[in-house]
Amino acid sequence: MPTASVEQLRARFRGQIVRPGDAAYDSARKVYNAMIDKRPGVIARCVDVADVIAAVEYGRENQMLTAIRGGGHNGGGLGTCDDGLVIDLSGMKGVRVDPAAGTVQVAGGCVWGDVDHATHPFGMATPSGFISTTGVAGLTLGGGIGYLTREYGLTIDNLLSVDIVLADGSFVTATGKEHPDLFWAVRGGGGNFGVVTSFLFRLHPVKMVYAGPTFWPLDQTTEVMKAYREFILEAPESVNGFFAFLTIPPAPMFPDHLHLKKVCGVMWCCNGPADKAEAAIKPMRSVGKPILDHVGEMPFPVVQSLFDGLYPPGLQWYWRADFVKELSDKAIALHAEHGAKLPTMHSTMHLYAIDGKARAVGKNDTAFSYRDANWAEVIVGVDPDPANQDIITKWCKEYFDALHPYSAGGAYVNFMMEEGQERVQASFRDNYARLSAIKQKYDSTNFFRVNQNIRPV
Ligand SMILES: Cc1cc2nc3c(=O)[nH]c(=O)nc-3n(C[C@H](O)[C@H](O)[C@H](O)COP(=O)(O)OP(=O)(O)OC[C@H]3O[C@@H](n4cnc5c(N)ncnc54)[C@H](O)[C@@H]3O)c2cc1C
């Protein structure tokens, strides 16, 4: 590492530069998934756009492998790298709600909990994910699938502009009118095109929601999944519910006799009046005999953070994912078989519906191609104990291998680990060639390549 250059960087940097041997190094290099254990050469903890520009120029001049870190949640650890430079935006916070315009401006280092906290008092929200600790940046740039997807679209469908530092250190704002090619590419193409320092989103009326889980015993899986595949795609768009296999945690909110019981279930979040929501989801809650049905009215930020305690940073995570168009009887039988084998309490499988308003946008209108899939499936082996890495990985791979032949082909880039070029191309389908040309225009040397990489033509 050329020390003089680090000193030069330090001289023009307001944030903190952390290097191996520094007291802060071990905490600064940690990411959410403890299975990722990378040792960067320089961590540039930026506090403003000038810091980001300085860091990009430093990385480029020294030809360093350079990763961009937002919330640090990426399953494959794409917010960090070995030996190179990490441009860490996690210190760049700040959310400004404009209630009259119905928009929210979000700094590049925010997590979704920061946004929900700021917008909720105004009775508004923008579509995000299913947990409050995920970074706004990584989630948005990959697409953004969450509780509000069916009603208001993917996160990118509500993105109005980004401020972005490009590979040459220049700063631009991209919107539908300014740099429209770049704006098209960042809506689904991930962190391939530059460092996004700020996002502007459209807001929607969301205040109290009717939310919570309905759980069934595993021997009812087939009946429940068959009902779910019909129900959710025909439900009003204000209704969202993802299907899951999970283990009921030994938490006081659940009755003792259900603790550590493996179940299948639907996790609901319905926007709008409770009585309407209750009536809308009644047909699904009447299927079979649920062993727990715990749905009620709550503020939107509460449902967004229900899983935060169960999934703190520092667990081991192994991910596999696919888009799914049809849940055939055969696929359901395989889900029932593999879902019943959840290897640890935290391991899970989710199916997120991506129909409704997400379907109203064309598959070539943004970089996110799979608008015609009905679900994003994600299988995650999770456990606190590194000794269980092999168990969670094996289960996850076997489950994925069994179901992959029934998938739509590609996967949601934000649910993938490092799986190679073929898989990346399969996930962008016919958008890949255009993405590649835009990459050539804005980052011809592939400086930003620690991501689900789009290669310049
Ligand atoms: C517990 C958990 C729950 C999740 N739930 C959901 C969900 O409900 N819905 C959903 O859609 N996804 C979800 N995800 C996936 C999530 O969207 C991805 O992991 C995403 O990459 C996380 O973004 P981040 O900023 O936290 O990640 P980081 O690890 O910081 O970054 C990931 C990648 O994003 C890019 N990036 C980050 N910041 C910037 C930036 N400022 N500018 C340019 N590029 C940047 C970089 O390419 C980087 O490689 C979840 C992940 C976890 C671990």
Side-chain angles (χ1 to χ4, degrees), residues 30-36 38 46 49 52 55-56 65-81 86-92 106-113 127-149 154-156 162-167 185-186 188-199 240 242 267 269 303-308 310-319 321 346 348 350 352 354 358 368 376 378 380 382 411-418 443 447-454:
K30 268 190 199 142
V31 290
Y32 181 82
N33 182 358
M35 211 184 265
I36 309 294
K38 297 199 172 164
C46 306
V49 175
V52 175
V56 166
L65 181 67
T66 298
I68 313 166
R69 178 183 173 150
H73 257 232
N74 187 267
L78 294 173
T80 184
C81 60
V86 173
I87 301 179
D88 181 352
L89 274 76
S90 59
M92 285 176 62
V106 182
C110 289
V111 298
W112 282 106
S128 53
F130 299 94
I131 189 163
S132 81
T133 55
T134 314
V136 170
L139 180 139
T140 301
L141 297 170
I145 299 169
Y147 284 121
L148 301 175
T149 299
L154 301 175
T155 307
I156 48 170
V162 290
D163 290 345
I164 182 165
V165 176
L166 302 174
V186 296
N192 272 281
F193 304 93
V195 186
V196 177
T197 54
S198 184
F199 298 82
N240 208 321
F242 69 82
M267 178 64 204
C269 176
V303 66
Q304 282 277 80
S305 50
L306 280 181
F307 291 100
D308 293 3
L310 184 62
Y311 292 112
L315 306 181
Q316 310 280 316
W317 289 71
Y318 192 85
W319 295 69
H346 292 84
T348 191
H350 293 174
Y352 302 122
I354 42 175
F368 188 100
V378 62
V380 277
V382 191
Y412 175 37
V413 288
N414 274 348
F415 291 160
M416 282 160 53
M417 295 192 79
E418 289 182 87
D443 182 16
F447 175 66
F448 297 114
R449 61 183 176 280
V450 184
N451 42 45
Q452 300 299 350
N453 195 231
I454 292 156

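As the structure lists them, so they are numbered: ligands from 1, and atoms in each ligand from 1.
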A.B. asks: What part of Phe307, side chain from CB on, backbone N/CA/C/O, both or neither, has a heavy atom under 4.0 Å from ligand 1?
C.D. replies: neither
A.B. asks: What's the shortest distance from atom 9 (N) of ligand 1 to any protein heavy atom, and which residue and atom give it?
C.D. replies: Ile145 O, 2.7 Å
A.B. asks: Against heavy atoms of Phe130, which atoms of ligand 1 measure under 4.0 Å?
C.D. replies: 7 (C), 8 (O)
A.B. asks: Looking only at protein heavy atoms, which one is nearest to atom 34 (O) of ligand 1, and how far off is it?
C.D. replies: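 Result: Gly138 CA, 3.5 Å.
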A.B. asks: Looking at ligand 1, does Gly72 have a heavy atom less than 4.0 Å from it?
C.D. replies: yes
A.B. asks: So is Tyr311 in contact with ligand 1, going by heavy-atom distances below 4.0 Å?
C.D. replies: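 No; Tyr311 lies far enough from ligand 1 that no heavy-atom distance drops under 4.0 Å.
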A.B. asks: For atom 46 (C) of ligand 1, what is the nearest protein heavy atom, given as residue, atom name and distance?
C.D. replies: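 In this structure, atom 46 (C) of ligand 1 has Ile68 O, 3.6 Å as its nearest protein heavy atom.
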A.B. asks: So if I count the atoms of ligand 1 from 1 in the order they appear, which ones are less than 4.0 Å from some heavy atom of Asn451?
C.D. replies: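 Near Asn451, the atoms of ligand 1 are 47 (O).
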A.B. asks: Can you tell if the side chain of Leu65 reaches within under 4.5 Å of the side chain of Arg449, non-hydrogen atoms only?
C.D. replies: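 Result yes, sub-4.5 Å side-chain heavy-atom pair found.
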A.B. asks: Who gets closest to atom 12 (N) of ligand 1 by heavy atom: Thr80, Ile36, Leu139?
C.D. replies: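 It is Leu139 whose heavy atom sits nearest to atom 12 (N) of ligand 1.
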A.B. asks: For atom 47 (O) of ligand 1, which protein heavy atom lies nearest, and how many Å away is it?
C.D. replies: Gly191 CA, 3.5 Å
A.B. asks: Check whether any side-chain N or O of Tyr147 sits under 3.5 Å from a backbone N or O of Ser128 as a donor-acceptor pair, and report yes or no.
C.D. replies: no
A.B. asks: Quick test: of every protein heavy atom, which one is nearest to atom 19 (O) of ligand 1, and how far off is it to 0.1 Å?
C.D. replies: Asn74 CA, 3.2 Å
A.B. asks: Check each atom of ligand 1 against the heavy atoms of Trp317 and keep those under 4.0 Å away; list them by number with element.
C.D. replies: 1 (C)
A.B. asks: Numbering the atoms of ligand 1 from 1, which are under 4.0 Å from a heavy atom of Leu78?
C.D. replies: 48 (C), 49 (O)
A.B. asks: In this structure, does ligand 1 have an atom that sits under 4.0 Å from one of the heavy atoms of Phe415?
C.D. replies: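 Heavy atoms of Phe415 do come under 4.0 Å of ligand 1.
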A.B. asks: Please answer whether the main-chain N or O of Val136 pairs with a side-chain N or O of Thr140 as donor and acceptor at a distance below 3.5 Å.
C.D. replies: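 At least one qualifying donor-acceptor pair exists.
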A.B. asks: Note the single closest protein heavy atom to atom 27 (O) of ligand 1, along with its residue, its atom name and the distance in Å.
C.D. replies: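 Of the protein heavy atoms, His73 N, 3.4 Å lies nearest.
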A.B. asks: Picking from Ile156, Leu141, Thr155, what satisfies side chain to side chain contact (heavy atoms under 4.5 Å, CB included) with Phe199?
C.D. replies: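 For Phe199, the side chain to side chain contact (heavy atoms under 4.5 Å, CB included) check succeeds only for Leu141.
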A.B. asks: Could you check, using the six-membered ring where one of them is a Trp, whether Phe130 and Tyr352 have ring centers closer than 6.0 angstrom?
C.D. replies: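 Here the rings of Tyr352 and Phe130 have centres that are less than 6.0 Å from each other.
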A.B. asks: Looking at CG of Asn192 and CD1 of Ile454, how far apart are the two atoms once the value is rounded to the nearest 0.5 Å?
C.D. replies: 4.0 Å
A.B. asks: For Asn451 and Gly190, indicate whether the former's side chain and the latter's backbone hold a donor-acceptor pair under 3.5 Å.
C.D. replies: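 Checking the backbone N and O of Gly190 against the side chain of Asn451, no donor-acceptor pair under 3.5 Å is found.
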A.B. asks: Sub-3.5 Å donor-acceptor pair from the side chain of Asn414 to the main-chain atoms of Leu139, do we have one?
C.D. replies: yes
A.B. asks: Please state which option from Gly70, Gly190, Ala67, Gly77 has its nearest heavy atom closest to atom 37 (C) of ligand 1.
C.D. replies: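 The residue whose heavy atom sits nearest atom 37 (C) of ligand 1 is Gly70.
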A.B. asks: Contact between Tyr412 and ligand 1, counting heavy atoms under 4.0 Å?
C.D. replies: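 Judged by the 4.0 Å heavy-atom criterion, Tyr412 does count as contacting ligand 1.
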A.B. asks: Mind checking whether Gly135 has an N or O less than 3.5 Å away from an N or O of ligand 1?
C.D. replies: yes
A.B. asks: Starting from atom 3 (C) of ligand 1, find the nearest protein heavy-atom neighbour and note its residue, name and distance.
C.D. replies: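 So the nearest neighbour among protein heavy atoms is Ile131 CG2, 3.3 Å.
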A.B. asks: Would a 4.5 Å heavy-atom cut-off, applied to side chains only, mark Thr80 and Lys30 as touching?
C.D. replies: no
A.B. asks: Using modelled atom types and a 3.5 Å cut-off, is there a donor and acceptor pairing between side-chain atoms of Asp443 and backbone atoms of Gly194?
C.D. replies: no
A.B. asks: Report yes or no: does a heavy atom of Phe193 sit under 4.0 Å from some atom of ligand 1?
C.D. replies: no
A.B. asks: Nearest heavy-atom pair of Leu315 and His346: which atoms, and what distance?
C.D. replies: CD1-CD2, 3.8 Å
A.B. asks: Heavy-atom contact under 4.0 Å between Val450 and ligand 1?
C.D. replies: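 Yes, Val450 has a heavy atom closer than 4.0 Å to ligand 1.
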A.B. asks: Any nitrogen or oxygen of Val196 lying under 3.5 Å from a nitrogen or oxygen in ligand 1? Just yes or no.
C.D. replies: yes
A.B. asks: How far is atom 43 (C) of ligand 1 from its nearest protein heavy atom, and which residue and atom name does that atom have?
C.D. replies: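 Sorting protein heavy atoms by distance from atom 43 (C) of ligand 1 puts Gly194 O, 3.2 Å first.
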A.B. asks: When you measure from the side chain of Tyr318 to the backbone N and O of Met417, does any donor-acceptor pair fall under 3.5 Å?
C.D. replies: no
A.B. asks: Quick one: are Thr66 and Val450 in side-chain contact, heavy atoms under 4.5 Å?
C.D. replies: no
A.B. asks: If you measure from each heavy atom of Gly144 to ligand 1, is any distance below 4.0 Å?
C.D. replies: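 Gly144: in contact with ligand 1 (<4.0 Å).
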A.B. asks: Have a look at ligand 1 and work out which part of Leu89, if any, has a heavy atom under 4.0 Å from it: side chain, backbone, both or neither.
C.D. replies: side chain
A.B. asks: Can you list the residues that meet the side chain to side chain donor-acceptor pair (under 3.5 Å) rule with Thr133, with sequence neighbours excluded?
C.D. replies: His73
A.B. asks: State the atoms of ligand 1, each with its element, that fall below the 4.0 Å cut-off from a heavy-atom position in Arg69.
C.D. replies: 30 (O), 38 (N)
A.B. asks: Please answer whether the main-chain N or O of Ile131 pairs with a side-chain N or O of Asp308 as donor and acceptor at a distance below 3.5 Å.
C.D. replies: no
A.B. asks: Need the ligand 1 atom indices (1-based, order shown) with element for anything under 4.0 Å from a heavy-atom of Gly71.
C.D. replies: 24 (P), 25 (O), 26 (O), 30 (O)
A.B. asks: Of all heavy-atom pairs between Ser305 and Ser132, which one has the smallest distance, and what is that distance?
C.D. replies: CB-OG, 3.9 Å
A.B. asks: Which atoms of ligand 1 have any heavy atom of Gly129 under 4.0 Å away?
C.D. replies: 7 (C), 8 (O), 9 (N)
A.B. asks: Say whether Phe199 and ligand 1 are in contact under the criterion: heavy-atom distance to a ligand atom below 4.0 Å.
C.D. replies: no
A.B. asks: Looking at Leu141, which atoms of ligand 1 are within less than 4.0 Å of one of its heavy atoms?
C.D. replies: 42 (N), 43 (C), 44 (N), 45 (C)
A.B. asks: Where do Tyr311 and Tyr32 come nearest, in terms of heavy atoms and distance?
C.D. replies: O-OH, 2.7 Å
